[in-house]
Amino acid sequence: MDDPTVHSALGKSIAQVYTIEFQKRGLPHVHNLIDLRAADKFSTSDHIDKLVRAEIPSSIENLRLHENVTKCLMHGTCGSDNPGAPCMEAGQCKKTFLKEFRTETTMNVSVYPLYHRCPSDTTFVRGREMDNRFVVPYSPYLPLKYNAHINVEVCNLSECGVIYL
């Protein structure tokens with residue numbers, strides 16, 4: 001019998017829970033929570049930075065990843081630019097965008113890390129100039145493999161060390 005752990009781009013899982021929702025247009029949408037084995041848990045900011053990004057990739061170094069991120073992994077527009085956006089509630093973005101620029105990833109004991117976001121990268125998306133404050137966290141391997149929106153968050157709730165896709 002095969003080993004019950006599943007090897008992924010993020011590490012070996014010891015447990016997974018998922019739910020499939022159908023969006024308004026009838027498209028399936030999966031939420032997947034993956035518990036990694038102890039050796040693969042995200043224990044440092046450097047470990048997170050190796051596998052999860054929240055920045056616009058260089059179009060020179062990896063055009064395919066750049067195109068996917070700018071097409072599928074940019075949040076917006078919302079806030080004062082678009083107060084009627086679906087993510088808006090009581091004048092605030094429910095997803096807490098725009099994120100702050102950060103010089104390094106910081107482990108956040110409440111739940112999700114605060115990801116490194118350099119202020120220098122900008123691109124035009126949907127006719128608007130956007131920067132790294134709009135980028136939804138992702139693992140570069142997944143959008144390259146599936147050419148789709150795959151949001152990846154490291155969840156540190158109670159130090160459980162799980163991945164939320």
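Quantities reported herein were computed from a predicted structural model and do not represent experimental measurements.
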Are any of the side-chain heavy atoms of [X] and [Y] separated by less than 4.5 Å?
X: Met107; Y: Ile48; result: yes
X: Thr123; Y: Val69; result: no
X: Ser139; Y: Ile150; result: no

Task: Closest non-hydrogen atom pair, Thr70 against Ile56 - done: CG2-CG2, 4.2 Å

Task: Nearest non-hydrogen partners of Asn151 and Leu73, listed with the distance - done: N-CD2, 4.3 Å

Within the distance-only criterion (no hydrogens, no angle test), does the side chain of [X] pair as donor or acceptor with the backbone N or O of [Y] below 3.5 angstrom?
X: Asn132; Y: Cys118; answer: yes
X: Tyr138; Y: Glu55; answer: yes
X: His47; Y: Lys41; answer: yes

Open item on the list: With a 4.5 Å cut-off on side-chain heavy-atom distances among I, L, V, M, F, W and Y, is there a chain of contacts connecting Val136 to Tyr115?
Closed with: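 Unlinked, Val136 and Tyr115 end up in two clusters.
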
Open item on the list: Enumerate the side-chain hydrogen bond (donor to acceptor under 3.5 Å, both in side chains) contacts for residues 75-84, please, sequence neighbours excluded, ordered by first and then second residue.
Closed with: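 Found Asp81-Arg128.
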
Open item on the list: Counting only heavy atoms not in Glu61 (residues, nucleotides, ligands), do more than 12 fall under 6.0 Å from its CD?
Closed with: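 It does not: Glu61 CD has 12 such atoms or fewer within range.
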
Task: Residue Tyr146 excluded, over 12 heavy atoms near OH under 6.0 Å - done: no

- [ ] Just do the side-chain contact (heavy atoms from CB on, under 4.5 Å) check on Phe42 and Leu51 with the steps written out, would you?
- [x] CA-CA 9 Å; Phe42 291 82; Leu51 295 169; 3.7 Å; yes

